[in-house]
Amino acid sequence: MPRILTGIQSSGSPHLGNILGAIRPALALSNAQQEPSFFFIADLHSLTTVRNPQELKKNTLEVAATWLACGLNPQKDYFYRQSHVPEVCEFTWYLNCFTPYPMLANAHSFKDKSANLANVNAGLFIYPVLMAADILLYEAEVVPVGKDQKQHLEITRDIAGAFNRQYGDILVIPEPLINEQVMVIPGTDGRKMSKSYNNYINIFDSEKDLRKKVMSIVTDSTPVEAPKNPDTCNVFQVYKHIAPPDEVESLRQAYLAGGLGYGKAKELLYEAVLQNFQKERILYQELMQDPAQIEKTLKQGEEKAREVALKVLNRVRKAMGYY
Ligand code: ADP
Ligand code: TRP
């Protein structure tokens, strides 16, 4: 079975889009195999945007609790903070020296921000190289990511190829695994649900806040009696990913038949979120009440991860003539 690895930045608390689009699919893949997978919190990447130490800590804790509440098994899988395996920084330097400048200058993640170059730091520029190091340091074979990360995986493969051409077969070349279907969960305003648009649903919110968020989803002004199109409705587009299939079908029929108001659809969505994430919500609260336990879990993961990292890094160091 191929080795699975993926990371999530700790630039905010994970939302429904992150969970459905990234966390759950990655865990489903991993839980279907005996071999351990590698899941980490990309807290070094977060430094390109988060500078407040309290915020960084809080985000890291929330991301960790989310993974664990969603079913990550730290006994089987490797679960760690990127920053706590500092070997990745040394490896990033080596890889930097095999990364052509134009490749980074053409990365979307950089280009999108380069209109205002005064605000771009070198960390943001070499973001894809650190990501390549994350992947290559653990000999990952399959990397489940959202479509937005596809280019970063191509860069990783190019860098590994350049390195191997120089030194022989040292690095494992990974494959991206992109789930096009669940890629875009819409946010409350109809755009892609994203931390950066502040249009996200946090499934771990209190019932009151969660309800308020769901009720704020933008809909059109079709009157209650009129038939409605489920495929263009933001409420239904979220509902279909979380309700049981027969209930999704009956809501679809109710849309088409008319007589159902959007308020009612939102109620159903709110109930479906509570239902679907009942277990996760309880677990999350428990986990967040005991940060020391999360810390302990991560520390254990980091010790294990470091062993794997050092093995690969020593091979790299030797190949380059440093040892
Ligand atoms: P955000 O846009 O909230 O900053 P990230 O870029 O940190 O999210 O994404 C983390 C992971 O979650 C990525 O793998 C991404 O593909 C996935 N993801 C983010 N938003 C969505 C969404 N609206 N629908 C599905 N998956 C998403
Ligand atoms: N760049 C990824 C994102 O924003 C997070 C990430 C960092 C990552 N390193 C990784 C994902 C390695 C997969 C593999 O979502």
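Keep in mind the model is a prediction, meaning the values are calculated, not measured. As the structure lists them, so they are numbered: ligands from 1, and atoms in each ligand from 1.
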[X]-ligand 1 polar pair, N/O distance under 3.5 Å:
X: His15; answer: yes
X: Lys147; answer: no
X: Ile185; answer: yes
X: Ser196; answer: no
X: Ser194; answer: yes

Quiz item: Between Tyr101 and Phe125, is the gap from one ring center to the other below 6.0 Å?
Solution: yes
Quiz item: Is the centre of the Tyr138 ring less than 6.0 Å from the centre of the Phe91 ring?
Solution: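 For Tyr138 and Phe91, the ring centres are not under 6.0 Å apart.
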Is [X] touching ligand 2 with its side chain, its backbone, both, or neither, if touching means heavy atoms under 4.0 Å apart?
X: Val143; value: side chain
X: Gln82; value: neither
X: Phe40; value: side chain

Write out the residue and atom name of the closest protein heavy atom to [atom], then the distance separating them to 0.1 Å.
atom: atom 9 (N) of ligand 2; value: Asp134 OD2, 2.7 Å
atom: atom 5 (C) of ligand 2; value: Gly7 O, 3.5 Å
atom: atom 15 (O) of ligand 2; value: Gln149 NE2, 3.5 Å

Practice problem: Please name the residue in the list Phe39, Phe40, Tyr78 that meets the side chain to side chain contact (heavy atoms under 4.5 Å, CB included) test with Leu5. | Solution: Phe40
Quiz item: Pick one: which of Leu27, Asn31, Ile23, Thr66 meets side chain to side chain contact (heavy atoms under 4.5 Å, CB included) with Leu72?
Solution: Leu27
Quiz item: Do Arg157 side-chain atoms and Pro174 backbone N/O form a donor-acceptor pair below 3.5 Å?
Solution: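 Side chain of Arg157 to backbone of Pro174, a donor-acceptor pair under 3.5 Å: yes, one is there.
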Please list, in number order, the atoms of ligand 2 under 4.0 Å from a heavy atom of [X].
X: Tyr127; result: 1 (N), 2 (C), 3 (C), 4 (O)
X: His45; result: 7 (C), 9 (N)
X: Ala42; result: 7 (C)

Quiz item: For Glu249 and Gln253, does a side-chain donor sit closer than 3.5 Å to a side-chain acceptor?
Solution: yes
Practice problem: Please lay out, stage by stage, how Lys212 and Asp205 fare under the test salt bridge (Lys or Arg N to Asp or Glu O under 4.0 Å). | Solution: CA-CA 10 Å; Lys212 216 159 105 191; Asp205 266 348; over 6 Å; no
Exercise. Return yes when Gln9 approaches ligand 1 closer than 4.0 angstrom through a heavy atom, no otherwise.
Key: no
Quiz item: Relative to Tyr197, does Arg191 satisfy both conditions: NZ or CZ under 6.0 angstrom from the six-membered ring centre, and within 45 degrees of the ring's axis?
Solution: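 Yes; both conditions hold, so Arg191 lies above the ring face of Tyr197.
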Quiz prompt | Heavy-atom pair of closest approach, residues Tyr127 and His152 | solution =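 The pair with the smallest heavy-atom distance is CE2-CE1, 3.8 Å.
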Self-check item: Minimum-distance pair of heavy atoms, taken over all atoms of Val63 and Gln9
Solution: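 Shortest heavy-atom separation between Val63 and Gln9 comes out as CG2-O, 4.1 Å.
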Self-check item: Selection from Ile19, Ile8, Asp148 by shortest heavy-atom distance to atom 15 (C) of ligand 1
Solution: Asp148
Quiz item: Out of Thr156, Ile135, Ile41, Asp43, who gets a non-hydrogen atom closest to atom 14 (C) of ligand 2?
Solution: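 It is Ile135 that holds the nearest heavy atom.
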Under 4.0 Å from any heavy atom of [X], which atoms of ligand 1 are there?
X: Met193; value: 20 (N), 21 (C), 22 (C), 23 (N)
X: Val184; value: 24 (N)
X: Gly21; value: 25 (C), 26 (N)

Quiz item: So which bit of Ala22 gets within less than 4.0 Å of ligand 1, heavy atoms only: side chain, backbone, both or neither?
Solution: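 It is the side chain that gets close, since no backbone atom is under 4.0 Å.
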Self-check item: Straight-line distance of Leu260 CG to Tyr255 OH, nearest 0.5 Å
Solution: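 If we round to the nearest 0.5 Å, Leu260:CG and Tyr255:OH are 6.5 Å apart.
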Practice problem: Take Ser10 and Ser46 through the test side chain to side chain donor-acceptor pair (under 3.5 Å) and record every step on the way to the result. | Solution: CA-CA 6 Å; Ser10 47; Ser46 305; 3.0 Å; yes
Quiz item: Leu274 and Phe236: same hydrophobic cluster, using ILVMFWY side-chain contacts below 4.5 Å?
Solution: yes
